[in-house]
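Notes for the one structure printed next.
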Amino acid sequence: MQTFETKSPTAWKKVLVILISLLAVAVLSIASFIAIPGEKTMFAGTRPANIGIQSGKLAACPSAANCVSSFSQDAEHKIEPLGYTSSQSEAMVKLQGAIESYGKTKIITATDNYLYAEFTSALMGFVDDVEFLVDDEAKVIHVRSASRLGESDMGVNRSRIEAIRNSIQSTLNLKFLTFRKPLSCKMRGFDIWLLLCNVDFSPPS
């Protein structure tokens with residue numbers, strides 16, 4: 001007859017205690033993060049030492065699939081820089097506005113050509129370090145977005161940069177709305193001034 005070995009009640013109790021302890025730590029960490037905005041959790045990690053401008057560039061991405069950078073050359077980490085056509089100062093203002101529109105985001109450093117911010121996930125409190133470096137001659141803003149923990153970010157960093165790109169572009173596109181001289185639209189003997197008659201949706205020449 002085939003017999004099955006079962007764990008003793010004591011062994012099961014030890015496993016149960018470990019699981020409960022891990023769950024309690026996670027719950028307390030999440031609860032403190034939600035109750036106290038800005039409070040770091042056990043998943044926040046440590047701020048990297050390679051943050052900042054290094055020889056005119058941003059730090060290279062690690063080998064892990066949890067980082068994107070416009071300075072990278074390999075397909076896994078490479079992302080296009082953000083383009084702009086305005087002045088450098090105006091581009092930085094729009095960039096800062098796009099970043100501040102996110103929840104649980106903290107700008108650590110902001111100069112005329114460099115910005116560093118920490119993005120924190122809503123539930124577990126994971127922190128990503130995101131940097132921007134302006135090249136005004138090329139009219140681009142180089143980017144680097146990296147997670148502090150884990151081997152994969154599931155595409156979060158790339159999605160974030162693309163969302164910021166779309167936000168900045170949407171703001172710039174508002175410049176395309178310019179007003180012509182009012183046009184009088186005749187209707188049933190009345191002069192009606194219509195906004196839609198007076199909006200020029202074409203890009204400025």
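This is a predicted model, so every value here is computed, not measured.
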Hydrophobic cluster membership, [X] vs [Y], 4.5 Å side-chain cutoff:
X	Y	answer
L95	Y84	yes
L133	I108	yes
I161	I141	yes
V68	V130	yes
I53	I51	yes

Backbone of [Y] reached by a side-chain donor or acceptor of [X] within 3.5 Å:
X	Y	answer
S101	I99	no
S86	E90	no
S70	V143	yes
R165	P81	yes
D136	K139	no
R158	K78	yes
Q88	D112	yes

Under 3.5 Å, is there a donor-acceptor pair linking the side chains of [X] and [Y]?
X	Y	value
N157	S159	no
S147	N66	no
S72	H77	no

Could you give the distance from CG (L115) to CD1 (I107), rounded to the nearest 0.5 Å? 5.0 Å
Using 0.5 Å steps for rounding, measure from the CD atom of E80 to the NE2 atom of H142. 10.0 Å
Answer yes or no: is there an ion pair linking K104 with E118, defined by an N-O contact shorter than 4.0 Å? no
Does any part of the side chain of [Y], heavy atoms only, come nearer than 4.5 Å to the side chain of [X], both counted from C-beta?
X	Y	result
L82	I164	yes
S145	C67	no
L149	V127	no
D128	R160	yes

Considering non-hydrogen atoms only, spot the tightest contact between [X] and [Y] and give its length.
X	Y	value
F119	Y102	CE2-CG, 3.8 Å
E76	A65	OE2-CB, 3.3 Å
F71	Q73	O-NE2, 3.5 Å
M92	T111	CE-O, 3.6 Å
R148	P48	NE-CD, 3.9 Å
A98	I168	CB-CG1, 4.2 Å

Side chain to side chain contact (heavy atoms under 4.5 Å, CB included) between R144 and N50, intermediate numbers included: CA-CA 12 Å; R144 181 183 186 274; N50 61 351; 4.0 Å; yes
I'd like to know whether CD of E137 has more than 12 heavy-atom contacts from other residues, nucleotides or ligands below 6.0 angstrom. no
In sequence, state the C-alpha distance, the side-chain angles, and the governing distance for K57 and E131, and then conclude on salt bridge (Lys or Arg N to Asp or Glu O under 4.0 Å). CA-CA 11 Å; K57 297 182 178 182; E131 299 175 273; over 6 Å; no
Run the numbers on Y116 and D129 for side chain to side chain contact (heavy atoms under 4.5 Å, CB included), then give the verdict. CA-CA 7 Å; Y116 163 48; D129 299 289; 2.6 Å; yes
